[in-house]
Each structure stands twice: as structure tokens, then as C-alpha cells.
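Computed over heavy atoms, backbone and side chain alike; hydrogens, waters and symmetry mates excluded.
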Amino acid sequence: MNLEEQIISIIKDNIEEKYDITADTDLRNELGLDSFDTMMIINAIEDEFDITIDESDFDNIKIVLDIIQLLQGKYIIVTGVKNGINEFL
Amino acid sequence: MESTNFYKRFVVDKSIAEKLNFNPYYCRITSGIDGTVEINGKEFVDLASNNYLGLAGDERVKNAMIEAVKKYGASMCGTPIATGYVEIFKNLEDKLSEFVGLESTTIFPSCYQANCGLFLKIAGKEDLIIVDHYVHASLIEGIKTAGCKIKPFLHNNVNHLKKLLEKSTGYRQVFVVTESVFSTEGSIAPFDVIVELCTRYDALPIIDDSHGIGVIGKTGRGILEEKGIKDFQGIYTASLGKAIANTGGMISGKKEIIEYLRYSCSSLIYSTALPPAILGGIEKVIEIIESEFDSISRKIWRYKTLISERLKDCGFQLENGQAPITSIFCGSFEDTIKMAKRLYEHNILSTPFVPPSVPPNKGRVRLIAGADLKEKDIEKALEAFAAIKVRNINHRTFKVGNYYSQYQQSEY
């Protein structure tokens with residue numbers, strides 16, 4: 001599972017309804033996410049990668065790809081989970 | 001800098017109300033609530049208030065309030081910690097504790113203030129609060145004051161809650177916060193399972209039973225009775241302005257925590273105590289519930305069934321709630337207000353919920369049929385639902401979003 005697939009999977013597991021989600025999905029306009037949804041996703045990402053995310057980093061997040069780029073850029077996560085083992089720098 | 005620039009920041013967007021020529025909010029009512037209310041000289045069936053048991057206009061309650069005024073006056077003009085702790089305040093605390101089956105209680109001017117004041121006193125940055133995604137704004141605001149880590153869990157989803165609890169180590173205290181009845185949809189929290197999980201993971205459960213007290217449970221004592229929870233170790237809050245038909249809020253639980261709040265909780269000790277009339281009225285409502293709950297509650301469940309069945313027959317899409325609340329799913333902001341308007345045009349008063357009270361595009365119109373409604377009022381409402389449907393069929397150009405979609409699919 002690459003990082004994109006992993007993030008999409010985390011989002012799907014932490015929202016109330018089932019949606020088809022891609023890297024281009026708009027979190028607010030298409031999924032209707034509120035602040036608690038965002039908090040659930042941030043918490044799940046933190047647990048998954050064992051990192052602490054500054055919640056204000058999500059202020060400018062619009063689409064799923066923005067999350068991936070944030071994780072790759074600021075948090076230096078380059079790949080996701082392979083065979084159940086976290087693989088990131 | 002001109003001060004007018006400051007005031008330009010505060011603008012209420014009423015564009016949808018203006019477009020529809022209908023504003024459901026701050027509607028001026030010129031009567032009391034007694035099944036019906038008067039608006040603009042017309043009689044409306046009240047499916048909007050939270051007067052579940054219909055006791056707000058009960059003569060016995062009114063008389064008890066008058067007697068309290070006669071004995072104590074309009075107000076004690078003091079906070080509970082000062083002159084507000086009149087004997088009737090203390091008696092009501094004890095009565096409420098006994099009613100919900102907990103050790104001790106303190107009474108706030110509102111449940112909003114109870115929820116907002118509570119968390120700052122019991123939690124801090126070393127703690128974790130796990131909270132249901134859809135809890136009331138007062139709980140969210142209260143939780144945020146604590147400055148601790150917050151982890152929401154998916155609505156009423158105990159599997160998600162369990163996963164979060166499993167990973168919640170290293171905190172001084174973990175709290176799990178939820179409501180008994182989620183009032184925009186009528187769902188009831190699986191609180192027995194939540195309490196069990198809290199016990200297993202050493203977390204403290206906190207429940208807001210505002211729409212449960214006086215409504216659910218075999219004898220109307222709320223969520224703890226409804227779910228058969230004995231020896232509750234957590235914290236319980238509730239509004240006294242819904243089924244209890246007055247105003248105010250309560251926090252109940254172990255003696256130690258209630259005593260601590262009595263001396264420290266700002267929203268309690270810096271607010272004027274509820275006046276004697278309110279305390280006397282609540283005391284009478286509790287007495288009535290204790291002796292008449294069975295017959296009163298039978299009425300509200302019968303009304304709920306009649307309303308829900310008719311709405312379903314008319315093709316409306318309903319939320320699947322277990323409380324005596326009927327919630328019509330409408331979708332967008334505009335479609336929700338339109339639905340409330342259609343009901344209003346048939347002299348039915350309803351409560352439309354739009355964001356931020358509900359998630360975006362999850363607008364709904366809530367109907368609560370209290371026990372003070374008469375059969376003829378219910379009949380009027382049922383006729384209105386059918387008329388709204390008939391009107392839609394006759395005028396195909398009129399469509400109110402998703403609530404009408406099932407019928408369209410089957411009939412068009």
C-alpha cells in the first residue's frame with residue numbers, strides 16, 4: 001500500500017459515510033467534513049505514523065493530495081505501510 | 001479608525017430566508033404552549049418545543065411555581081454559594097439525585113452552563129477526552145476549555161471508541177463523553193456498552209441526558225434506567241428545560257465531585273441561582289413523572305408512531321431514531337427551510353436544523369409531539385403531511401430535495 005492509498009484508507013475509516021475517495025477529492029465540498037472529522041483524521045494519521053501533527057497545518061488543506069504532500073514535506077513520510085510495518089524516514 | 005468598520009463585521013446571512021420569504025427562527029409566539037401555540041393570530045400545532053410530557057402548561061406545575069413565589073419571592077438575588085441556596089434548592093438537588101439514582105446533584109442556570117463549566121474543572125492538559133462526533137455544542141465548547149487532547153469517535157460507533165481507548169495510554173485520566181438521545185435524529189447512544197468499555201480501559205464516562213431525562217427508561221428516569229446501568233461511576237448532566245418543562249441544568253455523580261463543583265465551577269458560583277418559582281415547578285414535575293409517567297409516555301409514543309407512519313406513507317425520508325422524535329431528512333440548507341415553510345403554511349410548527357447544528361447537506365426537520373397535544377391536533381398534522389405530498393404531485397415543478405426522492409422514484 002503506498003502513501004496515497006494509505007491516507008485514503010485512513011480517511012474512509014474515520015468519516016461517517018462511505019464515499020469514493022481519490023487524491024483529488026475535496027474534503028469539505030465533496031465529503032462535507034467538519035472540524036471533528038478533520039480531528040479524527042489527524043488523530044488516526046498520528047497513530048498510524050507515530051507522529052504529532054500541528055493541527056494548524058490542516059487549515060490550508062483542501063484535497064486529499066494536500067495531506068499527502070504535507071506528510072511528505074513537513075513530516076518527511078515518504079511511503080506508507082508495507083506488510084504491516086511502517087516504512088518512513 | 002471609524003467604529004462603523006467594526007460593526008460591518010457582524011452580518012447575519014438571511015439570503016435564504018429572504019428568497020423563501022420565510023424565517024423559521026425567532027418566531028414571535030403570542031401564547032403559552034399547550035399543544036398549540038398562537039402566531040400572528042393563528043393556531044399552530046406545536047411539534048417544535050421540547051415539551052415532551054406536556055407539563056409546561058400543567059395547572060399543578062403552574063400552581064407550584066406560584067406557591068414558591070408566594071413563599072420566597074421572585075428571586076433570592078444571589079448565587080447558590082451565597083444567598084441563592086434556599087431550602088427549596090437543596091430539596092430539589094436531593095430529589096433530582098434520587099430520581100436519576102446518583103449520590104449527589106448541583107443545579108445550574110442552564111445545561112449549557114453546566115456543560116461549559118464542567119470540563120475546565122475536571123480535566124487539564126495531561127488528560128484525554130474521547131467524544132462522540134455529534135455531541136451538542138455545549139459539550140464541545142466545554143471540552144475545548146480543558147486544553148487537553150481531544151479525540152472524537154464516529155457517532156455511536158463502539159468499535160471505533162474501543163480502538164481509540166486501546167491506544168489511549170499515558171494520560172492522567174481518559175474521559176468518554178457522549179449524549180443519551182441525539183436530538184436532531186432521535187438516536188440513543190449504546191451507553192451500557194460505552195460504560196463497560198470505560199470500566200475495561202479505566203476511563204470515566206460522562207453523559208448528557210438532556211433529551212433522555214423524563215423521556216426514556218421504564219419510569220422516565222433517563223438513560224441510566226433505560227440501559228439498566230447500576231452504580232454509575234461517571235458524571236451525569238441534563239437539561240431541566242425539556243421534558244422537565246422548566247429551565248436550568250443539573251450535574252450529578254459522586255459526592256466528592258459535586259461538592260468540588262459547588263465550590264469551584266465558575267458558571268455555577270458566579271451565576272445567580274435559579275429562582276424559587278423554577279425550583280418549585282421542577283419539583284412538581286418530578287412528582288408528576290413519578291406518579292403518572294406510564295400514562296403520559298404512552299401518549300407520546302403513540303403520537304410518534306402515528307406521525308412517523310404517515311410521513312413514511314407520504315414518501316418522506318426519515319431518520320431511524322429510537323426516541324420519541326421524528327426527524328425528516330431534507331439535505332441542503334435551502335431544502336430544509338423549505339420543508340419547515342411547507343409545514344408552517346399548514347399551521348404546523350417544526351424545528352429545522354441546518355449547519356453547524358448538523359453536518360453540511362444533512363439538514364433535517366425535527367418533530368416532537370408532546371403529551372399535551374390532543375388527538376385533533378395530531379389529526380391536523382397528519383392531514384398536513386398528506387396535503388404537502390399531494391401538493392407536490394399536483395405541481396411537479398416543486399421539489400424539496402431528497403426528502404421527496406423516494407416517492408419520485410416509485411411514482412414518476
If we only count heavy atoms from C-beta on, is the A/Met39 to B/His133 side-chain gap below 4.5 Å?
no
Scanning both residues in full, the closest heavy-atom pair of B/Phe153 with A/Met40 reads C-SD, 3.8 Å
Assess the side chains of B/His160 and A/Asn14: does a donor N or O sit below 3.5 Å from an acceptor N or O?
yes
Between B/Lys362 and A/Glu16, is the closest basic N to carboxylate O distance under 4.0 Å?
no
Which portion of A/Asp37 sits near chain B, non-hydrogen atoms under 4.5 angstrom:
both
Please round to the nearest 0.5 Å and tell me the distance separating atom CG of B/Asn361 and atom CG of A/Asn29.
9.5 Å
Residue part contacting chain A, namely of B/Tyr134, when any heavy atom lies under 4.5 Å
side chain
On a heavy-atom basis, which atom in B/Pro360 and which in A/Gly32 lie closest, and how many Å separate them?
CD-O, 3.4 Å
At a heavy-atom separation under 4.5 Å, does A/Ile15 approach chain B through its side chain, its backbone, both, or neither?
backbone
Please check if any side-chain donor atom of A/Asn43 sits under 3.5 Å from a side-chain acceptor atom of B/Lys167, or the reverse.
no
Atom CD1 of B/Ile140 and atom CZ of A/Phe36: how far apart are they, to the nearest 0.5 Å?
4.0 Å
Contact origin within B/Asp132 toward chain A - heavy atom pairs under 4.5 Å
backbone
If you measure from the Lys or Arg side-chain nitrogens to the Asp or Glu carboxylate oxygens, is any gap between A/Asp13 and B/Lys163 under 4.0 Å?
no
